[in-house]
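These notes are about the structure you will find just below.
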Amino acid sequence: MAPGRRGRIARRTAVIATVVAISLFMEVSGYLATPEALRPELSWTTVHAMVPLVFAACAGVAWAIGPNPVPARLMIVFVLFWIPQAFYPVIESLGWLWPILRGVDLGWAVVAGILVLVYPRGGLGDRFDRVIATTALVATVVNFLTVLALAGPDSVPCECVPNPYRLAEAPTVFAIVDIGYRVVGVALAIAIALRLLLRWVRGSVPARTVAFLMPVALLSWVSTLAAQMVRYATGAAPNLALETVSLIAMASVPVCFVAGIAHARNMRARVADLMRITREGADRGLWAESLARTLRDDSVRVFWWEEERGRYVDAAGLPIDSAEEGRGHSILPVASPSGLPIALIRHDRVLTDNMRLLDGVSSALRLSVDNGRLRSEIERTLEQVRQSRQRIVEAGDEARRRIERDLHDGAQQHLVAVGMQLRIAANTARASADDALANELEESIATLNEGLRELRELAHGIHPSLLSQGGLALALPELAGRCPVPVDIAVQPEGRLAELVESTAYFAVAESLANIAKHSQATRAWVRAYVEGDELVLTIRDNGVGGASLEKGTGMLGIVDRIDAVGGSIELDSPRGAGTTVTVRMPAHLDASEDLPTSGAGLLVAADAGAAPPDADVSPGPAGSVAPGVVSA
């Protein structure tokens, strides 16, 4: 807690403790100074003493949670003005003091009335409030001066010394002013109560929500106050039950005030719910609906700024009416930090009493709009990144195909031609009985065949020609046949897939099988490829040692990037000792115009280790001939 805040709390606590001590001193000392036969009932005295304590406690709460310190200060002043009639015997010998207290001993009623007037904003609202407050203060000053100038010891319930401020003996004038002051006070209280009640009855839901308890408390107090005034004017004996009800009603006024402040504070807290609802962005229809629910104001309308047309429109695109402000409504403009207009919020005018709430709503809308813009920019950027990655993958695949085609049509064909020439030379040497030359040529042919085999494997690794020719149904079984671990293949795609999808699926299976051969210690593996809805699903499973991770090795990371590039996903389930299962899902992008060969649909192949497809070679043949299949790619 900041030192300044701790200092304020300490000062306020000291003030509350001081006024409570003064109030209790007046109550207790007055009760003890009153002759036993004249003392009121202890229960009533206790209730009377509790009223200022309630005001003091509510002052502490209002200081802590209220937006304005004025209500708390008025509650503190009320405690000081709550002077019990029994206190006069304590000061009856102090001629300079009792007239002053007699002049202000009804000041608590004025303070209570002003407290109601400043509810809930903490200040006087309109002309009516200012007129009522001014009238009450003027009447109080007139009464105070009249008491000082005309009051005698008979005007207080004690055997007081003479009034040193008294200018003349005019009991009739004093009585008229005294009773008139009370009549004016009751009339003002009734006016305040009726106005508050009428405003509550005619008010909107937000208005009733803000002033939901105060009319009841105020009407109860005013009713009992009027009855007491009549009894005082007629000289009737006090009614204990009526006075007790009046005390309870008076104590309920600060409680209602604090309850209203707490309610307004809770309304501001609901702005957080509004933030959660609209965190994805400012959907116009949802925003207006959520705002009306948060403010409990069905009349709320939100008008959004259209930059292109330079005007405000609602969620349906209708422009704002020039008469929107009025008829009990106010307009709250919302702008960006740079001053650019965002929206206008039409709300019930009573909500202007809670500017903190409206400021929270403005901040929520501003942040929601910013979130929406930021989300759109991020989604647009991510889409650009995804498209860029896809283009890179496609370019890589195209480069693979070009290299594979160049190797097949260029170097490989030249080497095959050289092999044919060597075979012709070897046959000629053998026919000429030059066995030494024939053997050397055979060794050269064997070396050439080994080079061709490696070149074919290199070309196949760059981009398998079977994938281009027959799709996954032909390429995956051939790929499994070159794996040293026996692999069961089940390929069931519904027609040819997009070229990028097929190549991504092929290399995902290739990398997975390579990992199985190198690390899994498996004795069997299974590969399944099928189309489910709009997705191609690949499942590669083995019965190895498990414990695999996508983060291990750059091969799988490259596959993950390729799968992400086509909008797919990859899952790895590899508990230790229970084998590994890799599941890949990616958009299929089926092309109905290109179907797989009939032999490829529903193909189920068991490929054992070492069952590699036959490679073309330059095999021995009869003298003067070339073996068929030498030019096989």
Side-chain angles (χ1 to χ4, degrees), residues 1-27 47-83 104 107-125 129-130 133 136-137 192 196 209-218 221 247-272 350-360 363:
M1 185 182 298
R5 180 173 174 79
R6 286 198 297 267
R8 287 196 301 272
I9 293 177
R11 289 193 298 271
R12 291 171 178 176
T13 303
V15 170
I16 292 174
T18 300
V19 297
V20 167
I22 293 174
S23 179
L24 290 177
F25 169 75
M26 289 191 295
E27 198 74 51
V47 175
H48 190 276
M50 289 298 297
V51 173
L53 298 184
V54 172
F55 268 83
C58 291
V61 177
W63 255 327
I65 68 174
N68 193 311
V70 171
R73 293 170 182 172
L74 289 173
M75 294 177 191
I76 292 297
V77 174
F78 177 94
V79 176
L80 293 176
F81 282 170
W82 188 256
I83 303 171
V104 298
W108 58 267
V110 177
V111 174
I114 295 177
L115 181 64
V116 175
L117 287 177
V118 301
Y119 178 80
R121 72 177 68 189
L124 298 176
D129 294 344
R130 291 190 291 272
L137 291 175
I192 296 173
L196 188 62
T209 302
V210 171
F212 63 107
L213 287 178
M214 190 63 78
V216 178
L218 190 60
W221 172 56
L247 293 178
I248 295 174
M250 173 52 59
S252 66
V253 169
V255 174
C256 294
F257 198 107
V258 171
I261 295 177
H263 175 72
R265 187 183 180 93
N266 291 336
M267 289 183 67
R268 293 196 297 272
R270 287 202 298 271
V271 174
V350 73
L351 294 176
T352 55
D353 294 339
N354 195 349
M355 286 308 300
R356 286 191 177 183
L357 173 64
L358 297 181
D359 290 342
S363 299

Any idea which heavy atoms bring Phe257 and Leu115 closest together, and the distance? CE1-O, 3.3 Å

Work out which heavy atom in Cys58 is nearest to a heavy atom in Val255; give both atom names and the distance. SG-N, 3.8 Å

Can you list, pair by pair, the side-chain donor-acceptor contacts under 3.5 Å of residues 19-27, counting residues two or more places apart and other chains?
{"from": "Glu27", "atom 1": "OE1", "to": "His48", "atom 2": "ND1", "distance (Å)": "2.9"}
{"from": "Glu27", "atom 1": "OE2", "to": "His48", "atom 2": "ND1", "distance (Å)": "3.2"}

Evaluate the side-chain proximity of Ile83 to Val104: yes if any heavy-atom separation is below 4.5 Å, no if none is. yes

Please report the interatomic distance CZ(Arg73) to CG(Asn68), rounded to the nearest 0.5 Å. 8.0 Å

Residue pair Ala251 / Val51: nearest heavy atoms and the distance that separates them: CB-CG2, 4.3 Å

Heavy atoms of Val79 and Pro52 approach each other most closely as CG2-O, 3.4 Å

Going by side-chain contact (heavy atoms from CB on, under 4.5 Å), name the residues that satisfy it together with Val111, two or more places apart in sequence or in a different chain. Leu74, Val77, Phe78, Phe81

Can you name the closest pair of heavy atoms from Met75 and Ala59 and give their distance? SD-N, 3.5 Å

Atom pair CH2/CZ of Trp108 and Phe55 - distance to nearest 0.5 Å: 9.0 Å

Which pair of non-hydrogen atoms, one from Gly113 and one from Ile192, has the smallest distance, and what is that distance? O-CD1, 4.0 Å

Show every side-chain hydrogen bond (donor to acceptor under 3.5 Å, both in side chains) that has at least one partner inside residues 49-67, sequence neighbours left out. none

